[in-house]
Structure formats: C-alpha cells, structure tokens
Amino acid sequence: MLKSLINILTLFIILATGNSTLAQSNIPLKQNGLQSKDAVSANSKLQDTTKIKPVDSTKSVQDTAKKKGSGLQAEVSIIAVDSQKSEVAKNISHLYRGAKVKYQDFELSADYIRLDRNQKKIFASGIYDKSGKYVGRPIVIMGNGESPKTVDSLYYDYEKQEGNTYGIMTEVDGGFIQANIVRKNIYDEMSIYKGLYSTCNLPQPHTHFGIHISKGIVTKNQIISGPAYLVVMGVPMPVAFPFAFFPKPDKRASGFLFPSFGEDYTRGFSMRDIGWYLAFNDYWDSEIRGSLYSKGSWEASVNTRYTVNYKYNGGFNIRYANTKVGVEGTDNYGSNKDFNVTWNHTQRQEANPGTSFSASVNFGTTSFFQNTGTGSVQNSYENLARNRMGSSISYGKVFADGKVNLTASLTHSQDMATRSIQLSLPNISLNVSSFNPFDSKDRVGEQKWYQRINVGYSFQAQNTVNTADSLLFSSGGFKRFQNGFQHNIPISLSLNAFKYFQFNTSVNYTERWYLQSTRQRIDNTPSGYRQRLDTLQGFNRAYDYSISTGLSTKIYGMYPKIGKIEAIRHVVTPSINLNYRPDFSDPRYGFYQHYNDQYGNRNVYSIFAQGVYGSPSAGKSAGIGFSIDNNIEAKVKSKSDTTDGGFKKIPILQGLTFSGNYNFVADSLKLSPITFSGRTAFFDQKMNVNFNGTFDPYSVDDNGVRINRYAIKDGSLARLTNFGLSFDYSLNPKAAKSRNNNIDSLRKEMSGAGMTPEQAQALARISSDPNAFVDFNIPWNLAASFSFNMSKFFNSSTRRMDNQITSTLNLHGDFSVTPKWKVTFQSGYDFKQKEVVMTSFNIYRDLHCWDMSFGWMPFGRYRSYNVTIRAKASILQDLKLTKRASSGGGYF
C-alpha cells in the first residue's frame, strides 16, 4: 500500500516536469468554489460600456510593444475572432471569442483574455453562454514539447513566466489529478492548494480511490505535503498525515504489497500474498510474497522479471508450500511440502541474427497446485486441471548461409497422474538443407532427370532418462540416463510421368550409435525362474534402410445440378507406392539375439530395444502402400456473396483420407489396419466437425487376439477398433471475433508498456479460457464443444470385445443483464463419469473507474467463491479489495 501511496503523490511531479502549470479540465469555474468575478458573460456589461472594435478573424492585431525600457524580449501577438476592447489609459486589451495571445514560446487561447501590458500579465477564462454553460476554457501551449493544457482560468506573468492556474484536471497513468490552485515559480517549484488524486475521470468523482492534499510543494527531487488524508469510494479513511516528505523518484520504487484476506475450509483464516516489491533498476525487479493460514499452513514465492531493451526479456518464479493435512493430535496429521519453479526467456531476433535462445520451464512436485488450490494470485483453475508439466530450454544457430541449422535443447516432461518424469539433457539436432548434388549452378535449360535427385542430411543426439520423480534424485538416479546418436540421409527423386501422374522414388538410410546395449536371459533361482536384463557399456552401431517408389494423381468429378445446388465437385487424390525393407533381425546383422525360456521356447530380442532411437525393424517388408484423399464441395447461388459470379462454395467433406499397407512377404496378417480421418463444417462454417478412426480387416479369436482370417468372412467388411469425433459451435460468432481482436489489442498494449506478472497471467488466462474475457459490447454469447472417443478392448471377464467410451460436453457463454452488468458461466458434463465437470459462474459490474466481480464454483473439489473490487488505473493494479472462500482442495 505504501508503494501505491508514494506513486500517487509522485504523480503530481509530472505537472512540474515542463514549464507549464496547466492541465486539462472539465470543471466549470463556479463548481470549484473560486471567485468568478473575472469570468465573462457573453452579454456582459463590460462589452457595452465602450465601443467594440470588430476584428477580422483572418488577421492578427499585433502589438509591437518592443520598446526601449519595456523589458519585453519579443513581440506580443494578439488575435480576437469576435471582438476586441482596449483601455488606452491603462494599456489593457480585452479579447473575446477565439482570442489568442503569443509571446515567445508561450501561446494562449480562450474565449476571454485580458492583456495588461504595463503589468506584463494575462488573465484568461471561459465565458458563460446564454444557456449558462461554461465554454471556451483557456488552452495553453508552452512550446516545450508538452501537449496543450486546458484549465478553468489563469493568471500569468509572461515576463517572469509564473502565475496561478485554477481548476486543473489531467490524466496520468490511468489516474486523474485535480487541484483548485497550482502556482509555479521561476525555480521550477510548484505549490498545490486543495489537490486530489482520483481514479475517476468525472469532475465530481462518485467512486474513487485517492488522496486529498490540503497544501503541498513539489520540487525537482521531492514532495513536501501538509495535511493529507486517504479517501476510498468517497469515504475518508482513518489514514492521515499531518505532514509528509516524499522523495521524487525518476524510476520504479520498492514498496509494500497489500494482501488479501479470506477463509479456507481446510486451512482456516488466511492472509494471502502479503509481500514486498523490490525495484532494483529499470531492467530488473522482483516480488517476494507469502501467505499465512490459521491452521499452520504457509506459502512463499519469489517472482523476478528482467529485460534488456532490444535484446531479451523474461522472468522466473520460485514457489514453496507447506500444507498441513489431517486433524492436529491424530495419527493422520502431517505436512505436505511442495514446490514449483517456472522460468521464461525470450530473445529478440534482431538482437543476434542467426542465433536464438528461449526458455519455457515449469517443473515441481506433482501435488503443488492441488494442495495450494486457487488461493494464490498466481494459481488458476487451468493449473488445477493440468495433468502434465513440461519444460524446454533451446538454443539455435544458423550458419553456412542458412544451409545448416543447429539446435540444442534441454527438455522435461512430467506426468502428474503417474508421477513419472522424463528428462532429456540435452537434445541436439543438426539439419542440412536438401540439395541437388548432380545439378550445376551454371545450368542452362530445364533439369535432366538425374539433376533432380535430392539429398538431405540430419543428425540427432540425445541423453535421456525416464523414471519416477521420487527416484530421480536418489542414489544412482543419474546412472539411469540413456544416450544415443542418429544419422539420417534421405535421397529422393520426383518426376512428372505420363502427363497426369507424379512419380516419386526415395531411399532412406538411418544409422544409430549407442553407448549401451542390453542382454536378456533366464536365471534359475531358488524362488523360480526370473528374467534378467543386463546393460552393457560400450560403443555399438545399428543401421537400416528402405526403398519406396510410388505414383499419385488427381481425379476430378462433377455432379449435375440438384435443386438450389448448381454443381458438386469431387476431387480424388489416390496414391500408391511399392516399398521394401530387409529383415534386420537376420543374425548376419548382429542387431538381434535370442534366449530360451524355462519352457525351451526361443525368444528373439533386439539388443537396442532400450535405445533412445529404437532398433532396426525385425521382419522383411515388401508391399504396397496406398492412400486415397477426397474433397467434396458444392456451389450454390448466393445473394450476399457477389464474388465468383454470385455463387458460394460450401465444403461438404474435406480431407477424407483412407490409408494402409499390404506386406507381400509377411507370413500372416499381411494387410495393415486401415486408418481414416476427415473434417467438415456446417451452418455457414460456424460449426466445425473433425473425425478419425481405424478399421481392422482381420477377426479376433476368443482371447481377443487378431487371427489370420478376414472379417468379411465373418459377415462384416472390417472391425471398427476406434473412432473419435469432436465439434465446436458458437451461436454468436461475433463474440469469438471480438474476443480475438481485443486479446490482440491487449497483447500489443501490454508488450509496449511492459507486462506486470498479473497482466501476463491475465493475458494467458483469457487466451486459453473462452470465458475469462468480459466484453460489455457483446450482449450475449453461447458456445458449446463436444468430444467423443470409442475404442475396442478385450474384456477378460465377459470373454468378448467391449467398447470403452469417453465423451464430454462443454458449455460456456455470457449475457448482459444491463449495459453495466455481465454474467458469464462455464460448465459441462462427463457422460462416462456421469457427473458435471468443473462449473463456474461470474458476475461483473462496471463501476466506471472500478471493476467489481463475483465468482462462484458451487460444487466439486475446488468449490469456492470470491468477491473482488479493483481500481482500473494501471498504477493502482496492486490495489484491490478481495473476499475469498474456497474448499482449498478439500470437501465441505
């Protein structure tokens, strides 16, 4: 809070950064409690007492009073659009309607200006029109690069360059400063009388947070205040200062981070996210936060950000939680200790062309988010539903005129359900752009067939381990790492054959290098036979190769007119290829070995089965691969779409593809499963549908094992072994379009100003959660998504093939009760579990210069509610009044 107070008072400094003491205002003079005797009426008697000289609006009435001893350093230029009155004896001029005065870099315009040449002073104000409205306020330009300033009225000594301004109001960093009187002297010092800083832009703020300052002085390096007190929503707070001294920082300052208070059903009363903000410099800052609970739980975090202009930026966050579980005094009472570490780093491309470095790290204990719940400002419902964590740190370098690309990365993947973890330290990849070795740079004319031969090269290296997270840092954990190297050389040739066909042939060679290999055996022990797996250290190489040749073409079909459908076009893209791969399990290669089990059966295994890049395939393959792709679209007449002759194309089926392979040399099951996939759209592209699946052409026996018997012999063309379907639909597509546009605008605005951690978190949330962005300009929205998946499995209890089905329906939407009230909701139903998925309701109220929201999760593990009132001013983002209550990971 102290940080916010210092920032608020510091805003007054901005008025002193130039030569101007003026600011924009919408406050009528009569509302400020100021004397209005100098304000002029449009029909005032002052104009009637003397003869008014009309002035041409296109001419300047200039006073060239640059006389000896006059003290003026330049001409005083005056203009009056309506009229001018002069008091010759006093050397005073009165200017009306569109009046302007210019002296050196000082420019002033108003509907009334009084110029006193003897005193070198100017008074300016607006006037009251016939309806009693105060119009034509003074506008001042000081010529120092500042924008024009508007006030109620002013006195100004244009020779000494000092004066008083009345009725100031200006916007600074989302807040608004008002002051009855501001005076500035030649020493660049400014005096404030009856000042107010508010988050509301109205002349009389109806809801605001601010500080009232009775009197104050602002200098270059400090602010000295007389009596000042805090006001929240128009109510004076018992926080007052008889006097105060504040240094005037020219950079970010450290300060206190105000906590939020609430109650957790499992951890007790809470004080969350109290802390301290550390501003080391303009390029590095940090937040230290902590949360305390009445039942003994606590959390701590350090969130640090850094940036170097035009080079890179990023930040890291380290969090630790000690959560008490069970009932104190019982056997089940204890503590869960969890941690989570995140780090992100982004390098700008122009900082080092040809070189890149980035990092996205997220690792920790699998139970961190579940145990800490949604209480912290850094947690979200998306984190609670997350079942995986992953990290990647990568470095890239392009050299040899862009023909060679080298990347190195460190990756981490963690399954929070199985508590398994996989680390790759590091992954290295070197890719060489494909080239034509038999082509010539000086070639003239078209390429010959052999000049079309294309060769590429890639190299990968990996050092990885896959283990349980509890064993990773145990004794010998790092001995579980496996490593290997892989070289790949693809050679291809593509030609146009017989005009309508595309001919493709390729040879692919892969070689793997390993520093470990495995051996399997059966040991006869007192407890019985046990299978052993031994790892042998030493260099080994394995290689394989394959050859493929194929043809592809396109077939176009047109169907006649049907009703309003003018035509239907069907594009079929069939392709077929011949492929061959030797049997690399042949003993002459040495890649496979065998052992006899306790029953005397011969078991063949690969000594590279545990390798990071696998093993050369066993079994000879010589077959035909085939695929067929379909696209069907209709052309109908459209009154709204005038392109393409007034016709509109409607896709019926897109990317409907079937593919498979037939192996001639296999001893059984020669035909592979047939996979298919496709997509389509309905209701003028508002509803997208995707589907995929697999057909198995063979039957299964009583144990669910595939047998060498075609399913068609048992009465079915093929067995559908799995099928997936998903779709999404929005009843108001303008909502999605508006949301995307607003997110893009918000991202640009935040990136230009530098994101705070809360802003970055909010942006990430609204990007992933359709219900997290509130747009009061869209009156309503209702959207739904559905996912369905079916797979066949053998049920040993029923001794038959059964279906395993999962399906989920999700709904989200919002509607405006009034122009200032918005209600949003998100829910769904899991048809397999027969329960409602995570459901939330939110109510938003636009309070002009504040936002109020109420969120409620009525049931489930993370049932909770929260009420938040937050100031809109960006400088006051830490200021919020929050009431929370949550289940905190338990049930109530």
Side-chain angles (χ1 to χ4, degrees), residues 420 422 460-467 476 479-489 507-548 579-623 625 661-673 696-709 793-794 796:
S420 63
Q422 181 179 7
Q460 289 85 35
Q462 188 176 158
N463 182 44
T464 184
V465 63
N466 194 344
T467 185
K479 292 182 180 179
R480 300 184 182 93
F481 274 90
Q482 294 179 323
N483 42 62
F485 309 86
Q486 178 174 271
H487 307 265
N488 183 260
I489 303 176
V507 177
N508 191 78
Y509 178 82
T510 302
E511 181 161 325
R512 305 168 181 88
W513 296 346
Y514 291 121
L515 301 181
Q516 306 94 11
S517 60
T518 59
R519 301 293 187 271
Q520 297 182 25
R521 70 178 191 273
I522 291 291
D523 284 350
N524 188 1
T525 67
S527 60
Y529 288 96
R530 298 185 62 182
Q531 184 173 348
R532 299 287 188 181
L533 179 66
D534 298 325
T535 300
L536 303 182
Q537 301 297 326
F539 177 79
N540 292 272
R541 60 182 292 266
Y543 62 88
D544 62 16
Y545 56 87
S546 62
I547 302 173
S548 176
N579 53 80
Y580 171 77
R581 187 194 67 240
D583 181 8
F584 290 100
S585 65
D586 192 295
R588 64 191 177 93
Y589 293 105
F591 303 152
Y592 285 76
Q593 295 189 11
H594 71 277
Y595 67 94
N596 294 327
D597 61 18
Q598 63 268 33
Y599 305 108
N601 297 323
R602 180 185 175 92
N603 292 271
V604 179
Y605 68 93
S606 171
I607 64 174
F608 304 116
Q610 306 297 320
V612 294
Y613 295 111
S615 172
S617 300
K620 182 186 293 186
S621 174
N661 185 75
Y662 187 87
N663 188 1
F664 290 105
V665 298
D667 56 0
S668 63
L669 305 175
K670 296 184 177 182
L671 181 61
S672 70
D696 192 336
Y698 293 100
S699 297
V700 295
D701 61 15
D702 295 337
N703 296 318
V705 180
R706 298 174 71 210
I707 59 176
N708 194 30
R709 177 183 176 86
F793 74 100
F794 179 73
S796 58

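We count residues from 1, following the sequence as given. These values consider heavy atoms only, across backbone and side chains, with no hydrogens, waters or symmetry-generated copies.
- At least one side-chain heavy atom of D544 sits under 4.5 Å from a side-chain heavy atom of R512.
- Dense packing is recorded around CZ of R519, with more than 12 heavy atoms of other residues, nucleotides or ligands lying under 6.0 Å away.
- I707 has its side chain out of reach of Y698: every pair of non-hydrogen atoms, C-beta onward, lies at least 4.5 Å apart.
- Sparse packing is recorded around OH of Y599, with 12 or fewer heavy atoms of other residues, nucleotides or ligands lying under 6.0 Å away.
- In this view, F793 and N795, D802, Q804 satisfy the side chain to side chain contact (heavy atoms under 4.5 Å, CB included) rule, not counting sequence neighbours.
- Take R706 and apply the salt bridge (Lys or Arg N to Asp or Glu O under 4.0 Å) test, not counting sequence neighbours, and it matches D696.
- For I547, the side chain to side chain contact (heavy atoms under 4.5 Å, CB included) partners are V507, not counting sequence neighbours.
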field: Residue pair H487, W513: steps toward the side chain to side chain contact (heavy atoms under 4.5 Å, CB included) verdict
entry: CA-CA 9 Å; H487 307 265; W513 296 346; 3.4 Å; yes

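- The closest side-chain heavy-atom distance from N661 to N579 is below 4.5 Å.
- When all heavy atoms of A618 and D583 are compared, the closest pair comes out as C-OD1, 3.6 Å.
- Between Y545 and F584, the distance from one ring center to the other falls under 6.0 angstrom.
- Shown here are the ring pair (Phe, Tyr, Trp, His ring centres under 6.0 Å) partners of F794, two or more places apart in sequence or in another chain: there are none.
- The side-chain heavy atoms of I522 and N524, taken from C-beta on, include no pair separated by under 4.5 Å.
- To the nearest 0.5 angstrom, T464 atom OG1 is 4.5 Å from Q422 atom CD.
- Contact between P697 and P673 at its shortest, heavy atoms only, is CD-CA, 4.0 Å.
- Using bins of under 30°, 30° to 60° and over 60° for the plane-to-plane angle, the ring pair F591/Y589 lands in the parallel bin.
- Relative orientation of the Y595 and Y605 rings is tilted, given thresholds of 30° and 60° on the angle between their planes.
- Distance CG/N601 to CG/N596: 8.0 Å, rounded to 0.5 Å.
- L515 has its side chain within reach of F539: a pair of non-hydrogen atoms, C-beta onward, lies under 4.5 Å apart.
- Put simply, the side chain of N488 reaches to within 4.5 Å of the side chain of N508, judged on heavy atoms.
- Heavy atoms from other residues, nucleotides or ligands lying under 6.0 Å from CG of D702 number 12 at most.
- Q516 and N483 share a donor-acceptor pair across their side chains, judged by distance under 3.5 Å alone.
- Closest non-hydrogen pair, Y592 versus S585, comes out as CD1-CA, 3.3 Å.
- Across all non-hydrogen atoms, the minimal contact from Q482 to V612 is O-CG1, 3.7 Å.
- A salt bridge does not link R709 with D701: every distance from a Lys NZ or Arg NE/NH1/NH2 to an Asp or Glu carboxylate oxygen is 4.0 Å or more.
- Checking side-chain atoms of N540 against main-chain N and O of G538 turns up a donor-acceptor pair under 3.5 Å.
- Scanning for side-chain hydrogen bond (donor to acceptor under 3.5 Å, both in side chains) contacts around R521 gives D523, D534, with sequence neighbours left out.
- Of all heavy-atom pairs between G619 and R581, the closest is O-NH2, 3.1 Å.
- Sorted by first then second residue, the side-chain hydrogen bond (donor to acceptor under 3.5 Å, both in side chains) pairs that include residues 606-621, not counting sequence neighbours, are S606-S615.
- The heavy-atom pair separating A461 from F485 by the smallest distance is CB-CD2, 3.5 Å.
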